[in-house]
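These notes are about the structure you will find just below.
Because the structure is a prediction, the values reported are computed rather than measured. Counting starts at 1 for both ligands and their atoms, in listed order.
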Amino acid sequence: MALNTAIISGASDGIGAAFSKILIKHGWEVIGISRNEKKLNQLKKTIKINKENFKPYVCNVKDLKKLVSIAKEVNTPKLIFLNAGIYSPVNSSQSNIDTYKNHIDVNYIGVLNCYEAFLPKMLLNKNGQIIIMSSISGWIGLPKAAAYGPTKAALRSFGQSIRYDLYSKGIKVQVCSPGFVETSATSLNDFYMPGLMNVNKAAELIYKNMKSNKFEFSFPFLFSLFMKLFSLLPDKLSSYLIKKNIS
Ligand SMILES: NC(=O)c1ccc[n+]([C@@H]2O[C@H](COP(=O)([O-])OP(=O)(O)OC[C@H]3O[C@@H](n4cnc5c(N)ncnc54)[C@H](OP(=O)(O)O)[C@@H]3O)[C@@H](O)[C@H]2O)c1
């Protein structure tokens, strides 16, 4: 029987790596895309069963041409997991223009590149699913997240919009907006991260939620609930609470 194929951008580390392992465990074929060949091969070595179903592709998500050529080579995806991303905390009282631009190029344009490259085959099949990795940072501006947060807000809006065109074509769209997950990205934070979640647990939750009919899903439960409430409060109160709890 043919395997279901998933495209995972940012598969070499963190959430993408943990989620790739879960999909392989559940019998999927994973096309794992990221820049670092050594990390991709290392990940393949750690997969215990069916490691041949992990197919590493070295590619920068900024490179649309290469993504299109990968798309031609691989099986029609049942799932496109738009996950590759970077995070640099910034002090916005200083000049950060290169950091701002790089976040937009990788986190936002990189997602659009993967989307454009892999969507056409999925459309032909009239069946599939797209998960966009946004973040709670996309709901409300958080300290040190002036480069990162706006890209995640843009991704959420992108997901909200594309679903209207794609649902009628048999494609389900979901946005995943986690709080803090323990990865090399969050290891850069020097502040207290409420509800910091283990990466394997986060990947399990993504696997569980991808089978649901929710458009957006978020975790950990309590932290995301608080942040949702914060985002609905009057600004004076929400900014006070954020300063007090995340800094
Ligand atoms: N960790 C959290 O708390 C958290 C919370 C909310 C949302 N998220 C989102 O979840 C996603 C994964 O985050 P993470 O914490 O797992 O980060 P991570 O551990 O730093 O992993 C990021 C992945 O993206 C890849 N990547 C980065 N730039 C790339 C590029 N230009 N082209 C191709 N691949 C690239 C990296 O691989 P290479 O270095 O090999 O290219 C790596 O595999 C991100 O979109 C992030 O914004 C994370």
Side-chain angles (χ1 to χ4, degrees), residues 7-22 30-44 46 54 56-67 70 80-89 99 101-115 117-118 131-140 142 144-145 147-156 158-159 174-189 191-203 205-206 209 216-220 223-224 227 246:
I7 309 294
I8 311 263
S9 71
S12 67
D13 208 348
I15 297 169
F19 188 54
S20 295
K21 282 186 179 178
I22 289 176
V30 170
I31 308 301
I33 295 169
S34 67
R35 295 163 304 175
N36 190 320
E37 186 171 18
K38 215 168 152 191
K39 278 202 289 182
L40 282 169
N41 290 334
Q42 195 58 39
L43 171 68
K44 187 163 183 163
T46 67
F54 181 76
Y57 282 83
V58 178
C59 180
N60 191 321
V61 292
K62 291 180 184 175
D63 188 346
L64 176 60
K65 248 191 185 167
K66 188 152 183 200
L67 289 166
I70 295 171
I80 305 173
F81 186 62
L82 299 168
N83 167 76
I86 53 168
Y87 166 68
S88 305
T99 310
K101 285 182 177 169
N102 200 34
H103 275 71
I104 292 168
D105 286 347
V106 177
N107 293 7
Y108 189 61
I109 308 292
V111 162
L112 303 190
N113 284 340
C114 292
Y115 175 78
F118 294 103
I131 304 177
I132 300 171
M133 282 304 280
S134 179
S135 162
I136 278 175
S137 292
W139 295 352
I140 187 166
L142 296 177
K144 303 272 189 286
Y148 176 78
T151 64
K152 295 296 166 178
L155 286 175
R156 186 165 182 256
F158 178 72
Q174 288 181 303
V175 167
C176 173
S177 299
F180 296 110
V181 180
E182 215 172 353
T183 65
S184 38
T186 43
S187 70
L188 299 173
N189 285 337
F191 54 84
Y192 172 65
M193 291 176 274
L196 183 66
M197 183 180 265
N198 170 274
V199 69
N200 295 317
K201 187 160 182 215
L205 286 171
I206 295 171
N209 277 286
E216 184 171 25
F217 57 92
S218 203
F219 48 78
F223 180 63
S224 52
M227 292 308 295
I246 311 171

Using distance alone, with no hydrogens and no angle criterion, decide if K62 and N102 have a side-chain donor and acceptor under 3.5 Å apart. yes

Are the side chain of S218 and the backbone of S177 linked by a donor-acceptor contact shorter than 3.5 Å? yes

Between Y87 and N107, do the side chains contain a donor N or O and an acceptor N or O under 3.5 Å apart? no

Is there a side-chain contact between N41 and P56 (heavy atoms, below 4.5 Å)? yes

Are side-chain N/O atoms of D13 and T183 paired as donor and acceptor at under 3.5 Å? no

Do the side chain of D63 and the main chain of K66 share a donor and acceptor less than 3.5 angstrom apart? yes

Considering only heavy atoms, which protein residues lie less than 4.0 Å from any atom of ligand 1? G10, A11, S12, D13, G14, I15, S34, R35, N36, K39, C59, N60, V61, N83, A84, G85, I86, V106, M133, S134, S135, Y148, K152, P178, G179, F180, V181, T183, S184, A185, T186

